[in-house]
*Asks:* 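Shown below is the structure under consideration.
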There are 2 protein chains.
Amino acid sequence: MAKYDSTLDLCFAALGDPTRRMILQRLARGEATASELAEPHAMALPSFMEHLKKLEAAGLISSEKKGRTRVCELAPDAFTPAKNWLTEQSAIWDGRLDQFDDYVTNLTKERNK
Amino acid sequence: MAKYDSTLDLCFAALGDPTRRMILQRLARGEATASELAEPHAMALPSFMEHLKKLEAAGLISSEKKGRTRVCELAPDAFTPAKNWLTEQSAIWDGRLDQFDDYVTNLTKERNK
DNA sequence: ATTTTACTTAGGTATATGGCTAAGTATGAT
DNA sequence: ATCATACTTAGCCATATACCTAAGTAAAAT
């Protein structure tokens, strides 16, 4: 495989693991420390931390060391690239390119206001 | 890892490979045979066919043998589960559950008409 | 009938992934 | 100052992934 995977590669690959999706679901409800996030998962901490690393490498979360804890949160617009790709393909398949164009237009307006 | 991965696991994992995303992009424009799909990819055929298998296992495409060719097409609503998951998490993060509810309502209406 | 085409099967390799334990390090609490 | 907590680093292991070649098989073309 390529030495440097694209954002979409890392993003979708990160989403392909149930442990990591659970982490994201948890973070969608607000920030948390590594051990808070780890608690529901029957897994050694170092194994768990690898999942956080992959989520961060994929740009889905960010984390910051605070004292001896590491606080994680969902990255702003974490899912936008993935959603855009999916929406675009659906639109092409539906033969409704216009729908995707509208979607992007709204997105851009939203961002600039 | 689990012996039987969930649909979302298989789906997102399948999307995490650039070769497979290219296949989906091609199929969004219409059905094609295995060798037509393989043509742009510098890869031995058996290697390429493995990618088709994974896409099919993930429910993203379907294929049918026609004579000596295998014709592939995008599965209807291929991306819906993935998009729904992403949309739901975004909505929760935005604190706008209502938005996701509207989205699902529209989706359901669309499907039943 | 023979050959070509379009896969398909079988089996092999290198690297990546997802898990582990053991032994750090740094910070907050006592 | 000591101890407990919250990671972090290092190193190991089994399985999965993404590729390969070689040798089928079955349908279409000649």
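What you are looking at is a predicted structure, and each value in this text was computed from that prediction instead of being measured. Every chain is numbered from 1, with letters handed out A, B, ... down the list of sequences.
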*Asks:* Let me know the distance between CG of L45(B) and P of dT9(C), rounded to the nearest Å.
*Replies:* 13 Å
*Asks:* Send over the distance from R70(A) CZ to dA26(C) C1', rounded to a whole Å.
*Replies:* 13 Å
*Asks:* So, is H51(B) near the phosphate of dC19(D), with a side-chain N or O under 4.0 Å from OP1 or OP2?
*Replies:* yes
*Asks:* Indicate if V71(B) and M49(B) have the same hydrophobic cluster label, given that clusters are the connected sets of ILVMFWY residues with side-chain heavy-atom separations under 4.5 angstrom.
*Replies:* no
*Asks:* Which part of the nucleic acid, if any, lies within contact of A44(B), taking any heavy atom under 4.0 Å across all strands shown: a base, the sugar-phosphate backbone alone, or nothing?
*Replies:* base
*Asks:* Reading DNA chain C from 5' onward, which residue's closest nucleotide shows up sooner: P46(A) or A13(A)?
*Replies:* A13(A)
*Asks:* I want to check one thing: is the phosphate of dC20(D), taken as OP1 and OP2, less than 4.0 Å away from some side-chain N or O of S47(B)?
*Replies:* yes
*Asks:* Between K54(A) (NZ) and dG19(C) (C1'), how many Å, whole number?
*Replies:* 11 Å
*Asks:* Expressed in angstrom and rounded to an integer, what is the separation of L37(B) atom CG from dA6(C) atom C1'?
*Replies:* 13 Å
*Asks:* Provide, to the nearest angstrom, the distance between the NZ atom belonging to K66(A) and the P atom belonging to dA6(D).
*Replies:* 16 Å
*Asks:* Measuring to OP1 and OP2 of dA29(C), would you say a side-chain N or O of R68(A) lies under 4.0 angstrom away?
*Replies:* no
*Asks:* Specify the separation, in whole Å, of atom CZ of F48(A) and atom P of dG18(C).
*Replies:* 13 Å
*Asks:* Is the phosphate of dC7(C), meaning OP1 or OP2, less than 4.0 Å from a side-chain N or O of S35(B)?
*Replies:* yes
*Asks:* Figure out the NZ/P separation between K53(B) and dA18(D), and round it to whole Å.
*Replies:* 14 Å
*Asks:* Could you check whether E50(A) pairs with K53(A) (Lys NZ or Arg NE/NH1/NH2 to Asp/Glu carboxylate O, under 4.0 Å)?
*Replies:* yes
*Asks:* Rounded to the nearest angstrom, tell me the gap between atom CD1 in I23(B) and atom C1' in dA18(D).
*Replies:* 13 Å
*Asks:* Same cluster for L10(A) and L86(A) if Ile/Leu/Val/Met/Phe/Trp/Tyr side chains link at under 4.5 Å?
*Replies:* no
*Asks:* Could you work out which one of dT8(C), dT8(D), dC19(D) sits closest to the side chain of K65(B)?
*Replies:* dT8(C)
*Asks:* Starting at the 5' end of DNA chain C and moving along, which residue's nearest nucleotide shows up first, G67(A) or T69(B)?
*Replies:* T69(B)
*Asks:* Please report the shortest heavy-atom distance between A14(B) and A58(B), naming the atom on each side.
*Replies:* CB-CB, 4.0 Å
*Asks:* Which label fits F12(A) and F12(B): parallel for a plane angle under 30°, tilted from 30 to 60°, or perpendicular past 60°?
*Replies:* parallel
